[in-house]
There are 2 protein chains.
Amino acid sequence: MSEDEVLLQQLFEEEKLTDKQKKIIIAAIESFSEKGYAATSTNEIAKKAGVAEGTIFRHYKTKKELLVSIVAPLMTKLIGPFIVNDFHKVLDRPYENVEDFLRAAIKNRSDIIKKMLPVIKIVIQEIPFQPELREQFIEQVARKTFDRILQVIKGYQDKGQLIEMPTLSAARLAISSIFGFLISRYILFPESEWDDELETERTVQFILHGLAKKD
Amino acid sequence: MSEDEVLLQQLFEEEKLTDKQKKIIIAAIESFSEKGYAATSTNEIAKKAGVAEGTIFRHYKTKKELLVSIVAPLMTKLIGPFIVNDFHKVLDRPYENVEDFLRAAIKNRSDIIKKMLPVIKIVIQEIPFQPELREQFIEQVARKTFDRILQVIKGYQDKGQLIEMPTLSAARLAISSIFGFLISRYILFPESEWDDELETERTVQFILHGLAKKD
DNA sequence: AATAAAAGTGAGTAATCACTCACTTTTATT
DNA sequence: AATAAAAGTGAGTGATTACTCACTTTTATT
């Protein structure tokens, strides 16, 4: 089983998909992420998947439904719950200090990004143009993530480990640093040589000192 | 003269464009940035510009040439030199401390982003799919910017104002924070109420403390 | 005012687009 | 083994696509 198919199984676990249906999804992910949604034709997807064009429309009423069917489960079934559970652990049995939490947060995000890179690219590309996706993203991912992060930051602020600053601003700064690292690492310069542990550590320290309580 | 046309004049200063040519460019910028390049038809651009479709192809051999003609001057004539000059000032008569430099850097970036928002959106959207644009972007913008930033950071490190860290990593962290702010401010949540000065200050302080030399 | 060059036009074109549908093949149910 | 339901097919559809070209209008040059 190829790496893509492993990813697929995770994404569409409970659904029983025929072989051809899987191939359609794999082909669509590949083309959408390489050429963009609008520039990809259903004909092209069919050829790449080795199926008749009609087969695509047997399962998806429109091309846009195909797009949404690929991207939506990523948001609702994976990232959303993942984030909730992830941070839940933190809130139930909190890391004693921000440091360990940050390291864990970056590492987890990193794992997901690596696995889902092509689908994430599609999400990033299409969110500005597909209101349906944007809404889902805001509901399922952005809001949940942000709420959790706010809670976490508030927690550490109360413990006196962080500077007094609106949690919203603190969250923006921390998230920028983390995403800046992940985007540099996996999207902008994936070909460069990266000492992941070291760069993670630098990012953690940067956030830590940037938000540290001054004595 | 509308705001868009002012922007245009800056972009295409030396070229003499007829009224219809300007209208084509304005219409194209609007459609490309709203719907994306691939999803915008030349017919649509012509209608919005109030010209015949043939007029577009009188001036641009292909639709892609229209895209490049809009985006390229932004990179070569504006951002590139701007960045070079901008940082040149800093290097010739350096701000005594990092702090003032950062404030100035964010403010300048902020002004440009505000003016060029639609074209910047097009650049961000199309860079993954248009190798020609990507090359130009890397040559004209990314490399120049990065080189300058590296110099600046190195300068402050030598003065002992910054932590010892590969300048590349330091640059990534600083740039992430700045862009994180600008993207949040102007692209993700432009509708939120922003205290620009305060948020700029927080970003500056965050970078400053994050990269500060520890005693 | 005459002439040339440039700008503008819009009907036309072949290719491609997303999508349909009558039909065949495969799978599941009894 | 018979029947029904689901999956798969591919030729065909009208609409839309980027682009052309013979022609008209405007502008610049003398």
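Numbered from 1 within each chain, the chains take letters A, B, ... in sequence-line order.
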Trace of the salt bridge (Lys or Arg N to Asp or Glu O under 4.0 Å) decision for A/Lys144 with A/Asp147: CA-CA 5 Å; A/Lys144 284 181 190 170; A/Asp147 287 352; over 6 Å; no

Pair assignment for DNA chain C - dot-bracket with | for other-strand partners, Watson-Crick or G-U under 3.5 Å: ||||||||||||||||||||||||||||||

Are side-chain N/O atoms of A/Thr200 and A/Glu197 paired as donor and acceptor at under 3.5 Å? no

Which residue, A/Leu133, A/Val71, A/Ile70, A/Val141, forms the side chain to side chain contact (heavy atoms under 4.5 Å, CB included) with A/Val123? A/Val71

Do B/Lys63's NZ or CZ and the ring of B/Tyr37 fall within the cation-pi criteria of under 6.0 Å and 45°? yes

Quick test of your reading: applying salt bridge (Lys or Arg N to Asp or Glu O under 4.0 Å), list the pairs with at least one residue in residues 134-143 of chain A, sequence neighbours left out, ordered by first then second residue. A/Glu139-A/Arg143

Can you pull out the residues from residues 51-67 of chain A that lie within a 4.0 Å heavy-atom distance of DNA chain D? A/Val51, A/Ala52, A/Gly54, A/Thr55, A/Arg58, A/His59

Scan residues 32-49 of chain B against DNA chain D and write down, sorted by residue number, each residue with any heavy atom closer than 4.0 Å; if none is found, say none. B/Thr40, B/Ser41, B/Thr42

cation_pi(A/Lys121, A/Phe32) dist<6.0 Å, angle<=45: no

Would you say the side-chain atoms of B/Trp194 pair up with the backbone N or O of B/Phe189, donor to acceptor, closer than 3.5 Å? yes

Donor + acceptor pair across side chains of A/Lys20, A/Thr55 (<3.5 Å): no

Check whether more than 12 heavy atoms from other residues, nucleotides or ligands sit under 6.0 Å from atom CZ of A/Phe146, and answer yes or no. yes

Smallest separation among heavy atoms of A/Ser176 and B/Gly180, with atom names: OG-CA, 3.3 Å

Determine the interplanar angle of the A/Phe206 and B/Phe206 rings, folded into 0 to 90°, and report it as parallel if under 30°, tilted if 30 to 60°, perpendicular if over 60°. perpendicular

Could you give all pairs that pass the salt bridge (Lys or Arg N to Asp or Glu O under 4.0 Å) test and reach residues 171-186 of chain B, with sequence neighbours left out? A/Glu199-B/Arg172, B/Arg185-B/Asp196

Between which nucleotides of DNA chain D, read 5' to 3', does contact with chain B run, using atoms under 4.0 Å from its heavy atoms? D/dT17 to D/dA22

